[in-house]
Amino acid sequence: MTLIWSALLIFIWLVVMGQLYRRDRDRQPAHGLWMDVLAGGLLWGLVFGFFWRTLSGAAYQPADGGDLVSFLFPTYRFAAAELAQGWLPLWNPTLYGGAPFIGDIQAGFLYPPHLALFLINPNFPYATLQGLAVGHLFWAGLGMYVLLRTLRWPEQPVSRPAAFFAAVTFAFADPLLIHFGNLNLIAVLSWLPWVLAAFVRGLQTSRWLWPGVAGLLFAVSSYAGHAQSTLYIGLALVILTIGWMITAAYEVRPAGARPWQPLGMLLATALLTALLAAPILLPALELTRYATRAEFTYQDTVAYSLAPTQMLAGLVTPSLFGRGPALHWSLWERVELPYLGATALIAAFCGIVLALPAQRRRLWMWVGMASFGLIVALGVYTVVHGWLTLLLPMFDQFRAPARAIILWTLGMSVTAAVGFDAVAVRAARANVVTAFLKGGAALLALGVIIAYTLLFVMQADATVFLRASLAALALAIAVVAWLGAWSLIAARQHRRLTFGAFSILMIALLYIELAAAGAYTDISETDPTQGFQHDDVITFLRGDADLFRIDTRTDLQGLWQPDAAALAGLQDVGGIDNPLALRSYAAFWEATGGRATRLYDMLNVKYVLVKEGAPLPEGKFEKVFGPAQGIEVYANRRFLPRAWVAPADADLDNLLPPDAVAPAEVTAYAPTRMSFTTTTPHPGWLIMSEFWYPGWTATVNGVATEIEQVNGALRAVAVPAGASTVTLTYWPSTLTWGFLAAAAGIVFLAFLTLWLRPKSTSTGSA
């Protein structure tokens, strides 16, 4: 089927390109749109070739699945299952004893590509997510091509080969490739060049339609669900706007130009984005007050900073310290690097040095953006990151400063395209470029000599020998790429290569270098979904008709995926380590004092899954199944039902259940709506093994009542004497306000598109 679909897409691509070519041939002046379609198809061919083993099903990437298998796959499948039943997945009862799903921005179920997949094929296989990751890398590269063809330097865009060169650079750069398993991060960042392209179009034409388009695209990207990446898109827009305004101040402005219009367009884009994305942003902001992430210290925030030593080595190779997790070594954490390919780095240097004066006035903002991203990525190694935690709202909630390297990648990709054209079109040359090429070659050659020397003298030490081998291989690839780029640039500068030949060879060299450094990194033939494949255990648990939870927080690493309950339709008190888990959940778990206590029993844990032979408190747990694939299932003989009645005078702040309780009957149970019936001779409290969170409302016999907190975590509702029906419903007010804001955003977009007429049709002053 993959081959059939591939053949069909190729056929459609060829037909569209042929039709555009025939139309363009008879048009004066010709627009060359068919060449842009050709570039898009060729870019997809390169992306497909890079990931051919993964897309063919012969291998898996990342090797262990990363977040893609452990978190996103079960999360997305849960959302798809809920949508298939006609429910919005607002609450997730399967993990952490129940948690807000709409508030976890990582859920991404309203992101249009995800939503389409979930509705069309709710039982999609894991390989589909790998395909989505590859597709978003292509989308990122295509967006960079469009951005470069949109920008003017100052009148004309860069050539198509230069834009294509930058597209390849951006699509396979380290910040995206290293996060292949983090689909939501890739998805958000893949829209970065598209948002900037629309915004730049508005700046160049003074048409307010384009800030509206930028805001719409920005909102769509936000729905993919990675708040930190969304912030970096916003920072890129701010830097671009400031740079544009400063540049315009030094250029001759046409009559009627409005120097503050870029700022107005930025505000319009920001407002529209906030309104359209409000249905996920408002619930996410609410969750930040209750999630464990709110307790982050500065040391938590600066985890995964880019070390200066990593930065310097990463300019020319990503593999000096081992690129994948299996081979990484150093005193520093494995993070994204400023690696674009030595070929692209040289082109970017040429852009800085060889750009014409008019180009340089517009190029400095992109170099500034790149420099800003590099400095912020250093995190704890500079003071700038600390300042931003004070100046920018929510910035202190994000760890991994190294991810700011995406701004470096964006700025340097643009700069590399300008440098590409400086050599390819003008055959420009300068002594400083020659000195840079010679110096870089000398340093890399020295590194290779040192690495190979270590190979010969350290063979007795297996660890050092392995690391020296990695360094030698990495530096050898960098040397070949560096000398190859130097040779091509010199040949073009001396007119020994035509523009077309130089373009093809430079793009080919860049692609080969990037593929050699990354195409087979962190790849494996072992299926990473094996941790979900426990049919015998799952069948046994599903065979129990009770409403109960399981406990897998028992050192099952390597056997059971922590989020397997979301995929299997079970309810677990555990889950993958998630900084957006509720603080009340974490605090209650710590307060239980272990599995032998009655507080633990309040979590409604009926079964505990352990590794074969692992001990549990004696007299309370009895093995009822297994071992199966190394897992045993124990029953908790003292577990409490999902809901039970406590006396009216019970201390809800320090409630300890008695040995015997009066259970309530569960008459209906769904993630966002549940009903219980009780019969009690005296007024009391209905105690539920459900975690308290704003947005839940309750009625008792049809009358609205308050939901109280039990032990700072669980829910309780007061019930009168006699028979009572208690119904709980979840619909957060933040979601209502979010939908209203989105409706206002649609009106605002219509205003920008239909009513606000362009003030100038000039190509602008910057």
Requested in this report: Under the side chain to side chain contact (heavy atoms under 4.5 Å, CB included) rule, what do Phe199 and Thr241 come out as? Steps first, then yes or no, please.
Outcome: CA-CA 9 Å; Phe199 190 72; Thr241 302; 3.3 Å; yes
Report task. State, with a plain yes or no, whether a side-chain heavy atom of Ile233 is found less than 4.5 Å away from one of Ser221. Result -> yes
Query - Of all pairs that satisfy side chain to side chain donor-acceptor pair (under 3.5 Å), the ones with a partner from residues 306-320, not counting sequence neighbours - result: none
Query raised in the report: Do Arg429 side-chain atoms and Gln493 backbone N/O form a donor-acceptor pair below 3.5 Å?
Result: yes
Query raised in the report: Going by atom types alone, do Gln204 and Arg152 pair a side-chain donor with an acceptor below 3.5 Å?
Result: no
Please set out all donor-acceptor pairs under 3.5 angstrom arising from side-chain atoms of residues 166-178, sequence neighbours excluded.
{"from": "Thr169", "atom 1": "OG1", "to": "Phe165", "atom 2": "O", "distance (Å)": "2.9"}
{"from": "Asp174", "atom 1": "OD1", "to": "Arg323", "atom 2": "NE", "distance (Å)": "2.9"}
{"from": "Asp174", "atom 1": "OD1", "to": "Arg323", "atom 2": "NH2", "distance (Å)": "2.6"}
{"from": "Asp174", "atom 1": "OD2", "to": "Leu337", "atom 2": "N", "distance (Å)": "2.6"}

**Report entry** Side chain proximity check, Met506 to Arg492, heavy atoms < 4.5 angstrom
**Finding:** no
Query - Ser159 backbone acceptor or donor facing Asp421 side chain under 3.5 Å - result: yes
Query raised in the report: Pro262 and side-chain contact (heavy atoms from CB on, under 4.5 Å): which partner among Leu240, Thr247, Leu203, Ile242?
Result: Leu203
Query - Qualifying residues under ring-ring contact (aromatic ring centres under 6.0 Å, His included), relative to Phe51, sequence neighbours excluded - result: Phe180
Query raised in the report: Are the side chains of Leu455 and Ser469 in touch, meaning some heavy atoms are under 4.5 Å apart?
Result: yes
Query raised in the report: So do the side chains of Tyr232 and Leu235 get within less than 4.5 Å of each other, counting heavy atoms only?
Result: yes
Report task. Using a 4.5 Å cut-off on heavy atoms from C-beta on, say whether the side chain of Leu151 contacts that of Val414. Result -> yes
Query raised in the report: What do you reckon, is CZ of Arg23 surrounded by more than 12 foreign heavy atoms closer than 6.0 Å?
Result: no
Query raised in the report: Side chains of Phe11 and Val15: closer than 4.5 Å at any heavy-atom pair?
Result: yes
Report task. In sequence, state the C-alpha distance, the side-chain angles, and the governing distance for Phe138 and Val134, and then conclude on side chain to side chain contact (heavy atoms under 4.5 Å, CB included). Result -> CA-CA 6 Å; Phe138 163 72; Val134 173; 5.8 Å; no
Report task. With sequence neighbours excluded, tell me which residues meet side chain to side chain contact (heavy atoms under 4.5 Å, CB included) with Arg201. Result -> Thr150, Thr205, Trp210
Report task. Can you sort out the partners of Trp332 under ring-ring contact (aromatic ring centres under 6.0 Å, His included), two or more places apart, ordered by chain and number? Result -> Phe321
Report task. Please examine the side chains of His226 and Arg403, heavy atoms only from C-beta on, and report whether any two atoms are closer than 4.5 Å. Result -> yes
Report task. Please collect all salt bridge (charged side-chain N to carboxylate O under 4.0 Å, His left out) contacts where either partner lies in residues 48-59, sequence neighbours excluded, each pair once. Result -> Arg53-Glu525
Query raised in the report: Would a 4.5 Å heavy-atom cut-off, applied to side chains only, mark Phe372 and Trp408 as touching?
Result: no
Requested in this report: If a pair satisfies salt bridge (charged side-chain N to carboxylate O under 4.0 Å, His left out) and one of its residues is in residues 158-167, list it, with sequence neighbours excluded.
Outcome: Asp36-Arg160
Query raised in the report: If every non-hydrogen atom of Gly518 is compared with every non-hydrogen atom of Gln61, which pair is closest and at what distance?
Result: O-NE2, 4.4 Å
Report summary line: Hits for ring-ring contact (aromatic ring centres under 6.0 Å, His included) against Phe502, two or more places apart or cross-chain, chain-then-number order -> Phe420
Query raised in the report: Should we count CZ of Phe499 as having more than 12 external heavy atoms under 6.0 Å?
Result: yes
Under 3.5 Å, which donor-acceptor pairs link side chains of residues 338-359 to any protein atom two or more places apart or in another chain?
{"from": "Tyr339", "atom 1": "OH", "to": "Glu513", "atom 2": "OE2", "distance (Å)": "3.2"}
{"from": "Thr343", "atom 1": "OG1", "to": "Glu513", "atom 2": "OE1", "distance (Å)": "2.8"}
{"from": "Gln359", "atom 1": "OE1", "to": "Leu356", "atom 2": "N", "distance (Å)": "2.9"}

Requested in this report: Check whether any side-chain N or O of Ser190 sits under 3.5 Å from a backbone N or O of Trp139 as a donor-acceptor pair, and report yes or no.
Outcome: no
Query raised in the report: So, Ser206 side chain and Gly202 main chain: donor-acceptor pair closer than 3.5 Å or not?
Result: no
Query raised in the report: What about Trp13 and Trp44, are their ring centers closer than 6.0 Å?
Result: no
Requested in this report: Not counting sequence neighbours, which residues clear side chain to side chain contact (heavy atoms under 4.5 Å, CB included) with Leu14? List them please.
Outcome: Ile10, Met17
Requested in this report: For Tyr21, check ring-ring contact (aromatic ring centres under 6.0 Å, His included) against everything at least two apart and list the hits.
Outcome: Trp34
Could you list the donor-acceptor pairs under 3.5 angstrom formed by side chains in residues 478-491, with sequence neighbours left out?
{"from": "Trp482", "atom 1": "NE1", "to": "Leu437", "atom 2": "O", "distance (Å)": "2.9"}
{"from": "Ser487", "atom 1": "OG", "to": "Leu483", "atom 2": "O", "distance (Å)": "2.8"}

